[in-house]
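Remarks on the structure that follows.
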Amino acid sequence: MLDLRMIRQNPETVREGLAKKGEDAGYLDELLTLDERRRSILTDVEKLKATRNQVSSEIARLKREKQDAQSLLKEMGVVSRQIKDFDEELRTVEREIQDQLLRIPNLPHESAPVGTSEDDNVEIRRWGEAPKFDFEPLPHWELGVNLDIVDFERAGKVTGSRFYFLKGAGARLERALINFMLDLHTGEHGYREIFPPFMANQASATGTGQLPKFGEDMFKLEGLDYYLVPTAEVPVTNLYRDEILGMEDLPIYHVAYSACFRSEAGSAGRDTRGMVRVHQFNKVELVKFVLPETSYDELEKLTNNAETVLQKLGLPYRVSEICTADLGFTAAKKYDPEVWMPSYGRYVEISSCSNFEDFQARRANIRFRRDKGSKPEFVHTLNGSGLAIGRTLAAIMENFQQEDGSILVPEVLRPYMGGVERVTPGL
RNA sequence: GGAGAGGUGACAGAGCGGCCGAAUGUGGCGGUCUCGAAAACCGUUGGGCGCGCAAGCGUCCCGUGGGUUCAAAUCCCACCCUCUCCGCCA
């Protein structure tokens with residue numbers, strides 16, 4: 001959420017920022033009109049309330065002294081009705097303002113490359129070499145089925161499309177990846193592990209920006225105020241909703257494993273095969289709460305933390321700096337580490353590292369206090385996948401496949417696999 | 001799911017419909033005392049919004065949202081959460 005006072009003071013800056021995101025900011029005029037209306041009502045009604053408070057204590061005094069207060073009572077009846085009318089209008093106006101504010105995207109950071117579509121994202125670095133195969137490599141959905149470690153067909157029967165079972169060594173690899181990543185981020189990168197609820201309520205989903213605009217992307221439980229989390233970002237960021245943190249608390253680094261549930265509304269027909277785009281996947285997520293002045297350094301570090309996972313696994317990747325048009329609703333700045341996926345013949349997003357500045361903090365009301373006695377300020381929040389497990393597994397299968405259809409297990413995972421070096425049929 | 005109790009400031013804990021943004025205690029901060037510390041004593045100690053260059057003024061906030069009233073932490077309604085007992089259960 002943007003600061004209404006900031007919008008009021010710099011409407012042009014806001015307009016320009018939104019334009020860079022490809023957002024038609026025509027609604028700003030209406031918003032500013034509502035804002036003026038609100039402040040005008042506020043002035044009037046508060047004046048009336050001041051009168052009411054004053055006269056009410058006068059009435060109290062008269063009653064105490066057993067004197068007649070009839071005329072004042074009558075007078076206040078009128079004032080009271082006026083207040084009620086104003087308050088009602090005020091409520092309506094404020095609801096409308098809030099509604100609009102919650103639908104305005106974050107402004108891009110000045111360093112984000114300006115662009116009009118994802119084609120304008122900028123590759124800023126590349127690591128590792130795409131493997132050269134002297135045989136015909138298979139896509140992971142064929143490799144997995146051949147080895148009997150992934151089962152899409154039965155998942156279709158048991159649940160539906162865009163789900164899969166992992167079996168045997170496939171299931172174990174998934175678990176190994178989760179543990180490896182959690183151990184790496186807690187052990188070497190200084191994150192504290194969180195195991196969050198996999199459902200969150202409406203206030204939380206609003207805090208991180210999924211609601212009100214993107215409710216269609218989430219699964220909602222029927223008759224309950226619960227959403228299946230689309231990412232651990234939701235529960236973990238909302239850990240500190242409506243709290244004021246102390247300087248000694250910051251920065252906070254959390255790493256959380258969660259299953260992620262996405263309806264993938266509107267993506268029918270895309271990536272229909274394989275494990276790349278599914279309704280449920282596992283992810284290890286990094287979340288940071290930091291001082292505003294440090295958040296861009298923190299973003300670089302966060303991105304590096306995600307890249308370290310890929311490097312340790314030996315997976316070739318590149319990092320894209322996301323352009324203004326592709327930043328999405330909440331981010332001011334974003335880097336996407338993308339893994340090489342042989343079956344796609346291109347790099348595929350496997351993480352997404354964002355600085356939201358105070359956009360989420362303002363929605364979720366997460367603040368900190370610099371010194372005793374100073375005003376609370378909003379923290380900056382960041383997050384990034386570290387990494388998406390399902391896509392990592394797919395990338396491992398494809399990049400490390402052997403001519404005989406087996407898959408080499410990256411060395412760092414072997415301790416988590418009971419020493420297994422290669423996935424072969426029957427494991 | 002059934003029965004009951006309760007949600008007040010950083011915490012603990014009072015609070016007759018008007019004198020309550022709220023007693024008191026603890027903690028925090030500043031000070032006195034002390035070589036220093038402890039103790040004791042004194043003072044101080046929330047957030048949002050609006051107006052204002054500022055000092056400041058006003059207003060709202062006692063789980064949340066409505067309502068009654070000239071006036072609500074205090075009365076009414078709905079919802080949420082916590083605790084105890086019973087039932088069920090991984």
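In what follows, chains carry the letters A, B, and so on, assigned in the order in which the sequence lines appear, proteins first and then strands, with residues in each chain numbered from 1.
- If you check residues 74-81 of chain A against RNA chain B, the residues with a heavy atom closer than 4.0 Å are A:Met76, A:Gly77, A:Ser80, listed by number.
- Judged as a salt bridge (Lys or Arg N to Asp or Glu O under 4.0 Å), and not counting sequence neighbours, A:Glu96 has no contacts.
- Results of the ring pair (Phe, Tyr, Trp, His ring centres under 6.0 Å) test with A:Phe289 over A:Tyr240, A:Phe368, A:Phe378 single out A:Tyr240 as the only residue that passes.
- Taking 4.0 Å as the cut-off between side-chain N and carboxylate O, A:Glu321 and A:Lys333 count as a salt-bridged pair.
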Are there any protein N/O atoms within less than 3.5 Å of an N/O atom in nucleotides 9-11 of chain B, and if so, which ones and at what distance?
none

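- Note: CZ (A:Arg369) to C1' (B:G28) measures 12 Å, nearest angstrom.
- B:U24 and B:G2 have their P atoms separated by 43 Å, with the value rounded to a whole Å.
- Between the C1' atoms of B:C79 and B:G7, the separation comes to 14 Å (whole Å).
- The pair A:Arg15-A:Asp29 meets the salt-bridge criterion, with a side-chain N (NZ, NE, NH1 or NH2) lying under 4.0 Å from an Asp/Glu carboxylate O.
- To the nearest whole angstrom, the two P atoms, one in B:A54 and one in B:G17, are 43 Å apart.
- Of the C1' atoms belonging to B:G47 and B:C41, the separation is 31 Å, rounded to the nearest Å.
- Between A:Arg391 and A:Glu349, no side-chain nitrogen of the basic residue sits less than 4.0 Å from a carboxylate oxygen of the acidic one, so the salt-bridge criterion is not met.
- Within the model, atoms CZ of A:Arg422 and CE of A:Met417 stand 13.0 Å from one another, a figure rounded to the nearest 0.5 Å.
- Annotation: side chain to side chain donor-acceptor pair (under 3.5 Å) contacts involving residues 42-51 of chain A, sequence neighbours excluded, comprise A:Lys49-A:Asp87.
- Distance, A:Asp371 CG to B:G30 C1': 15 Å, rounded to whole Å.
- In summary, the side chains of A:Ser204 and A:Asn201 do present a donor paired with an acceptor at a separation below 3.5 Å, with no hydrogens or angles considered.
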Below 3.5 Å, can you tabulate the donor-acceptor pairs from side chains in residues 158-166 of chain A to any protein atom, sequence neighbours excluded?
residue  : atom : partner  : partner atom : Å
A:Arg162 : NH1  : A:Arg270 : O            : 3.3
A:Arg162 : NH1  : A:Asp271 : O            : 3.2
A:Arg162 : NH1  : A:Arg277 : O            : 2.9
A:Arg162 : NH2  : A:Ser267 : O            : 3.0
A:Arg162 : NH2  : A:Arg270 : O            : 3.0

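- Salt bridge A:Glu30/A:Arg103: absent, no basic N to carboxylate O contact under 4.0 Å.
- Rounded to whole Å, the separation between the C1' atoms of B:G15 and B:C75 comes to 16 Å.
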Steps toward salt bridge (charged side-chain N to carboxylate O under 4.0 Å, His left out) verdict (A:Arg39, A:Asp35) = CA-CA 6 Å; A:Arg39 284 180 296 143; A:Asp35 176 46; 3.6 Å; yes
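- To the nearest whole angstrom, the two P atoms, one in B:U68 and one in B:U26, are 43 Å apart.
- A gap of 15 Å separates the P atoms of B:C80 and B:U64, to the nearest Å.
- Residue A:Glu248 contributes atom CD, which lies 13 Å from atom P of B:G28 at whole-angstrom precision.
- An OP1 or OP2 oxygen of B:G66 is reached within less than 4.0 angstrom by a side-chain nitrogen or oxygen of A:Arg91.
- Here A:Glu398 pairs with nothing under the salt bridge (Lys or Arg N to Asp or Glu O under 4.0 Å) rule; sequence neighbours left out.
- Using bins of under 30°, 30° to 60° and over 60° for the plane-to-plane angle, the ring pair A:Tyr191/A:Tyr253 lands in the tilted bin.
- The nearest whole Å value for the distance from the CG atom in A:Leu48 to the P atom in B:A71 is 12 Å.
- Remark: A:Tyr226 OH is loosely packed, at most 12 non-hydrogen atoms of other residues, nucleotides or ligands lying under 6.0 Å away.
- Between the side chains of A:Tyr317 and A:Gln311, a donor-acceptor pair is found at a separation under 3.5 Å.
- Between A:Ile350 and A:Ser385, every side-chain heavy-atom pair lies at or beyond the 4.5 Å cut-off.
- For the pair A:Leu72 CG and B:A71 P, the computed distance is 13 Å after rounding to whole Å.
- Looking at residues two or more places apart in sequence or on another chain, you find a side chain to side chain donor-acceptor pair (under 3.5 Å) between A:Glu300 and A:Tyr335.
- B:C51 sits 48 Å from B:A39 when the C1' atoms are compared, rounded to a whole Å.
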Dot-bracket notation for RNA chain B is requested: 5' to 3', Watson-Crick or G-U wobble pairs only, both distances under 3.5 Å, with ( ), [ ], | and . as defined.
-> ((((((((.[[[..)..(.....]]]((((((.......))))))((((((....)))))).[[[[[..)....]]]]])))))))....
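- Remark: the A:Glu338 side chain and the A:Ser320 side chain contain an N/O donor-acceptor pair separated by less than 3.5 Å.
- The nearest whole Å value for the distance from the CG atom in A:Asp242 to the C1' atom in B:U64 is 12 Å.
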In the 5'-to-3' direction, what one-character label does each nucleotide of nucleotides 48-63 of chain B receive under the scheme B = base within less than 4.0 Å of a protein heavy atom, S = sugar-phosphate only, - = no such atom?
-> SSSS------BSS---
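- In this structure, NZ of A:Lys84 is placed 8 Å from C1' of B:G67, rounded to the nearest angstrom.
- More than 12 heavy atoms of other residues, nucleotides or ligands sit less than 6.0 Å from atom CD of A:Gln67.
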Quiz: residues 169-181 of chain A side-chain donor-acceptor pairs under 3.5 angstrom, not counting sequence neighbours:
residue  : atom : partner  : partner atom : Å
A:Glu174 : OE2  : A:Asn282 : ND2          : 2.7
A:Asn179 : ND2  : A:Arg175 : O            : 3.4

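- Residues of residues 232-241 of chain A that place a heavy atom closer than 4.0 Å to RNA chain B do not occur.
- Atom-to-atom, CG of A:Asn365 to P of B:U64 comes out at 13 Å; the value is rounded to the nearest Å.
- Non-hydrogen atoms lying under 4.0 Å from RNA chain B are contributed by A:Ser56, A:Ile59, A:Ala60, A:Lys63, all within residues 55-63 of chain A.
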